[in-house]
Protein chains: 2
Amino acid sequence: MAKSAESPAGQPRRDARATRQRLLEAAADLFAERGYEAATVRDIAGRAGVNQALLFRYFGSKNALLTEVMAHSGQEQLRNTPPEQLFDVALRGILDNSGKDPHDRSLAVYLRSIGSHDEAADVVQALGEEYADTLATLSRADDAALRADLAMAWLLGIGLMRVVVAKEPLASADPDEVCTLVRSMLGRLLDGLPAQGGDEG
Amino acid sequence: MAKSAESPAGQPRRDARATRQRLLEAAADLFAERGYEAATVRDIAGRAGVNQALLFRYFGSKNALLTEVMAHSGQEQLRNTPPEQLFDVALRGILDNSGKDPHDRSLAVYLRSIGSHDEAADVVQALGEEYADTLATLSRADDAALRADLAMAWLLGIGLMRVVVAKEPLASADPDEVCTLVRSMLGRLLDGLPAQGGDEG
DNA sequence: CCCTTGTGTAAGCACCTGCTTACAAATGAC
DNA sequence: GTCATTTGTAAGCAGGTGCTTACACAAGGG
């Protein structure tokens with residue numbers, strides 16, 4: 001009522017902010033589903049319901065769009081999760097999202113777009129560093145950084161096999177079961193992880 | 001002297017078999033370095049030193065070339081390695097090859113080409129199944145298949161971080177150290193693995 | 001009304017992709 | 001030498017890519 005130009009449904013008929021946001025979400029969807037290279041700017045603009053020229057007006061290039069998607073989707077989880085819960089949250093994010101709606105698509109984008117990008121590689125790399133650094137605080141061993149990398153490698157590998165390869169039985173396995181198995185292994189790797197379920201002898 | 005047509009250096013100047021082989025190796029190199037999509041047929045033919053039309057004469061399509069590369073490079077290791085050594089050999093293959101000459105490029109090709117292809121996905125998928133099936137024979141647990149998938153996920157993840165992401169410190173870590181850490185974890189996951197070095201307990 | 005500004009579109013450009021066709025040179029049997 | 005076959009190349013095709021340009025419509029001020 002207060003704004004100057006609105007459609008009968010309540011949204012303004014021409015809203016740059018909303019259009020930009022729709023492009024951002026369409027890009028996150030398609031990068032996660034198909035990977036960076038396979039998701040074309042025409043597809044992204046089409047899913048957002050606008051002309052592809054707008055994509056370049058708002059983001060400059062496809063690569064800059066990926067950069068913004070990665071920065072936006074990944075760092076939020078990282079900042080809002082205490083270190084000792086990060087591994088669980090990330091693992092649960094992988095396990096719960098694999099078949100269902102991808103409300104957290106950052107890992108899928110990461111996995112499917114690894115090695116594809118040029119400038120955006122910096123953002124991706126930095127994100128990975130932050131995750132690993134956070135995990136490394138969970139070990140008091142001398143090689144804490146290496147142990148954190150190995151833990152992250154397992155996360156990535158599990159995500160790869162579930163999201164990208166869809167390897168059975170892992171792809172359809174019960175998240176609780178997988179989580180229990182992985183946690184019982186990793187308790188030995190990162191001693192700062194809070195124990196929760198243990199079948200370890 | 002005995003053959004009918006040789007150059008002064010000893011090789012025949014026109015040898016279909018040798019040319020085919022050079023194409024195959026060039027393809028393995030480039031698929032491993034850049035992934036399936038990013039490695040163009042012109043690049044492959046260029047590295048092999050021949051015209052790209054020959055690639056299509058000998059292999060029919062780029063996809064068929066990938067299929068032949070995957071089948072040739074991956075299954076050899078699989079067939080010639082006893083199950084209880086497979087994990088070690090694969091892990092060592094990742095760790096030793098990451099920076100040096102890629103004499104075994106099957107995992108790199110696998111990693112970089114996952115999710116890219118169409119028909120050739122079958123070959124890649126089948127190879128993964130065989131690896132996992134072999135690993136599953138190493139556990140007597142009910143969920144042996146799941147445990148094998150998790151072990152393979154770790155292999156893939158480590159490969160991903162070393163070969164593709166080049167994440168430090170893992171990328172430059174001492175292979176022995178990594179191997180020891182991973183083995184000490186996985187001894188709990190796959191009880192059929194022969195113990196070798198253990199900092200466990 | 002005109003005119004500027006922001007938001008959107010249609011068409012096209014230059015380039016790259018996998019793949020094909022038309023043709024040249026080497027080979028080997030006669 | 002003659003000539004078919006094998007091995008190689010140069011040029012091009014249709015289609016797709018990221019990106020740009022030229023233009024249309026809406027909004028608001030003079």
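Chain naming here is simple, since letters A, B, ... match the order of the sequence lines and numbering starts at 1 in each.
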Quick one: does any side-chain atom of Tyr36(A) pair with a main-chain N or O of Asn63(A) as donor and acceptor, under 3.5 Å? yes
Check whether any side-chain heavy atom of Trp154(B) sits under 4.5 Å from a side-chain heavy atom of Ile158(A), and report yes or no. no
Rounding to a whole Å, what distance do you find between Asp43(A):CG and dT17(D):P? 7 Å
Rounded off to whole Å, could you give me the OH-to-P distance for the Tyr36(A) and dG18(D) pair? 8 Å
dC16(C) C1' sits how many Å from Arg34(B) CZ, rounded? 14 Å
The test is side chain to side chain contact (heavy atoms under 4.5 Å, CB included); show your working for Glu68(B) and Phe59(B) and say whether it passes. CA-CA 9 Å; Glu68(B) 192 149 334; Phe59(B) 301 97; 3.9 Å; yes
Taking the side chain as every heavy atom from C-beta outward, state whether Arg188(A) and Ser184(B) have any pair of such atoms under 4.5 Å apart. no
What nucleic acid atoms does Ala18(A) come within less than 4.0 Å of, heavy atoms only: base, sugar-phosphate, or nothing? nothing
Nucleotide N/O to protein N/O under 3.5 Å, stretch nucleotides 3-7 of chain D:
unit_1, atom_1, unit_2, atom_2, d
dT7(D), O2, Arg14(B), NH1, 2.9
dT7(D), O2, Arg14(B), NH2, 2.9

Within this structure, what is the NZ-to-P distance between Lys62(A) and dC16(C), rounded to whole angstrom? 16 Å
Can you name the nearest heavy-atom pair linking Asp149(B) to Leu170(A), along with the distance? OD2-N, 3.0 Å
Tell me: CG of Leu65(A) to C1' of dT17(D), nearest whole Å? 15 Å
If you apply the rule side chain to side chain contact (heavy atoms under 4.5 Å, CB included), what do you find for Val50(A) with Leu55(A), and how did you get there? CA-CA 8 Å; Val50(A) 298; Leu55(A) 188 152; over 6 Å; no
Euclidean distance, atom CZ of residue Phe56(A) to atom P of dT17(D) [Å, nearest integer]: 12 Å
Could you check how far CD1 of Ile44(B) sits from C1' of dC16(C), rounded to whole Å? 15 Å
Find every protein N or O atom lying less than 3.5 Å from an N or O atom of nucleotides 12-14 of chain D, and list the pairs.
unit_1, atom_1, unit_2, atom_2, d
dG12(D), O6, Arg42(B), NH2, 3.4

Leu160(B)/Leu111(A) under side chain to side chain contact (heavy atoms under 4.5 Å, CB included): CA gap, chis, key distance, verdict: CA-CA 9 Å; Leu160(B) 199 71; Leu111(A) 287 171; 4.0 Å; yes
Please step through side chain to side chain contact (heavy atoms under 4.5 Å, CB included) for the pair Ser139(B) and Leu189(B), ending with a clear verdict. CA-CA 8 Å; Ser139(B) 171; Leu189(B) 196 64; over 6 Å; no
Taking for Ser61(A) and for Arg22(B) the nucleotide of DNA chain D with the nearest heavy atom, the one nearer the 5' end belongs to Arg22(B)
Atom CZ of Phe59(B) and atom P of dT20(C) are separated, to the nearest Å, by 15 Å
Test your reading of the model: is there a side-chain donor-acceptor pair from Lys62(B) to the backbone of Phe56(B), 3.5 Å cut-off? no
Would you kindly compare Thr40(A) and Asn51(A) by the position of their nearest DNA chain D nucleotide and give the one closer to the 5′ end? Thr40(A)
